[in-house]
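Reckoned from all heavy atoms, side chains included, excluding hydrogens, waters and symmetry mates. Every number for a ligand or one of its atoms is a count from 1 in the order of the listing.
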Amino acid sequence: MNNYKIGVFDSGLGGLSVLKELINTLPNEDYLFYEDSINNPYGEKTEEELLKITSNIVNYLLEQKCKIIVIACNTATTSCMKKLREIYEDTIFVGTVPAIKVAYDNNYKNVINLSTPYTQNSKRVCELINDFKNDDENIYNISGENLANLIELNKKEEIDELLNKLLSSYKDKCDALVLGCTHYSLIKDEIKKVLPNVALLDGCTGVANEVKRQLENNHLLSDRKGKGTLEIINTKSNILIERSMEILSK
Ligand code: DGL
């Protein structure tokens with residue numbers, strides 16, 4: 001089973017930010033990345049819809065003999081990971097949650113959490129804020145409604161407009177912004193234009209380290225010497241696979 005693949009999924013291109021970090025950390029592994037662009041945006045769906053969609057993806061990844069499944073999506077993690085672990089009890093799942101803990105561990109005092117509408121309102125984000133926030137810290141929990149969809153469609157002007165609308169009033173109020181949706185890691189430069197002095201934090205390194213730890217603990221690390229393979233599937237269009245390869249090569 002050691003040379004089975006690592007399965008990774010997201011509602012589209014956002015998961016590439018996690019995948020990139022995984023490949024850097026575990027270059028000898030084989031990867032199967034499932035981009036579910038046809039169902040984007042996940043962040044504007046219900047828990048019931050998301051469980052149906054994500055169960056179908058997990059079934060597919062298990063059929064393809066994945067040894068671990070990485071949910072490279074904050075929305076799918078906060079909505080469904082607990083249930084998926086119950087349904088697929090022999091499968092190892094690693095999820096992605098907004099890096100709110102990282103912000104506080106690094107002593108940032110005024111932090112924006114920017115995530116999808118689903119994640120913003122989720123119980124998990126509420127817990128992360130309550131568990132890690134100290135009295136002298138402020139968190140602004142903001143919803144990036146429609147932002148993941150615009151990133152997926154590569155609508156550059158509309159992305160800039162929406163970021164201005166959502167973030168410009170925080171310019172002098174914040175020292176860090178948590179990229180609480182994996183799609184947002186793809187627009188760091190655009191966010192920097194609105195908030196030039198704000199640190200941008202994501203959970204990608206944490207996810208990659210956790211995958212490594214899980215594979216080590218379960219004796220599942222690949223024994224291959226050379227570089228592993230990468231297969232990308234996109235549920236909407238092969239053109240998005242080309243765009244993904246381009247993003248990965250940057
Ligand atoms: N990339 C996903 C996340 O991290 C969700 C984007 C979406 O489909 O709404 O939440």
Participant: Going by atom types alone, do Thr77 and Thr96 pair a side-chain donor with an acceptor below 3.5 Å?
Facilitator: no
Participant: Please check whether Ser11 reaches ligand 1 - meaning an N/O of the residue sits under 3.5 Å from an N/O of the ligand, judged on distance alone.
Facilitator: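 Yes, Ser11 has an N/O under 3.5 Å of an N/O on ligand 1.
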Participant: Could you note down all residue pairs passing ring-ring contact (aromatic ring centres under 6.0 Å, His included) where residues 48-86 supplies at least one of them, sequence neighbours left out?
Facilitator: Tyr34-Tyr60
Participant: Determine, using the 4.5 Å side-chain heavy-atom cutoff (strictly less than), whether Val198 and Leu167 are members of one ILVMFWY cluster.
Facilitator: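 The answer is yes; both residues are in one hydrophobic cluster.
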Participant: Below 4.0 angstrom from a heavy atom of Thr75, which ligand 1 atoms are there? Numbered from 1 as shown, please.
Facilitator: 3 (C), 5 (C), 10 (O)
Participant: Considering the options Asn40, Thr75, Thr116, which one meets the side-chain hydrogen bond (donor to acceptor under 3.5 Å, both in side chains) requirement together with Ser11?
Facilitator: Asn40
Participant: In Å, rounded to the nearest 0.5 Å, how long is the span from CG of Leu220 to CD of Glu29?
Facilitator: 9.0 Å
Participant: Any chain of hydrophobic side-chain contacts (each under 4.5 Å) joining Met81 to Ile53?
Facilitator: yes
Participant: Considering only heavy atoms, does Thr116 approach ligand 1 within less than 4.0 Å through its side chain, its backbone, both, or neither?
Facilitator: side chain
Participant: Considering the heavy atoms of Ala148, write down every atom of ligand 1 situated less than 4.0 Å from one of them.
Facilitator: 6 (C), 7 (C), 9 (O)
Participant: Any heavy-atom pair between the side chains of Thr119 and Pro98 that's under 4.5 Å?
Facilitator: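 Pro98 vs Thr119: side chains touch.
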Participant: Considering both backbone and side-chain atoms of Thr119, is one of its nitrogen or oxygen atoms within less than 3.5 Å of a nitrogen or oxygen in ligand 1?
Facilitator: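 The answer is no, given that Thr119 and ligand 1 share no N or O pair closer than 3.5 Å.
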Participant: For ligand 1, is there an N or O atom under 3.5 Å from any N or O atom of Glu44?
Facilitator: no
Participant: Consider every N or O of Gly43 and every N or O of ligand 1, then say whether any pair is closer than 3.5 Å.
Facilitator: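 For ligand 1, there is an N or O atom that lies under 3.5 Å from one belonging to Gly43.
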Participant: Within the structure, is a non-hydrogen atom of Cys73 found at a distance of less than 4.0 Å from ligand 1?
Facilitator: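 The answer is yes: ligand 1 sits under 4.0 Å from a heavy atom of Cys73.
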Participant: Taking 4.0 angstrom as the limit and counting only heavy atoms of Asp10, give me the atoms of ligand 1 inside it, by number and element.
Facilitator: 1 (N), 2 (C)
Participant: Counting from 1, what ligand 1 atoms have a heavy atom of Asn40 closer than 4.0 Å?
Facilitator: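 Here the atoms of ligand 1 in question are 7 (C), 8 (O).
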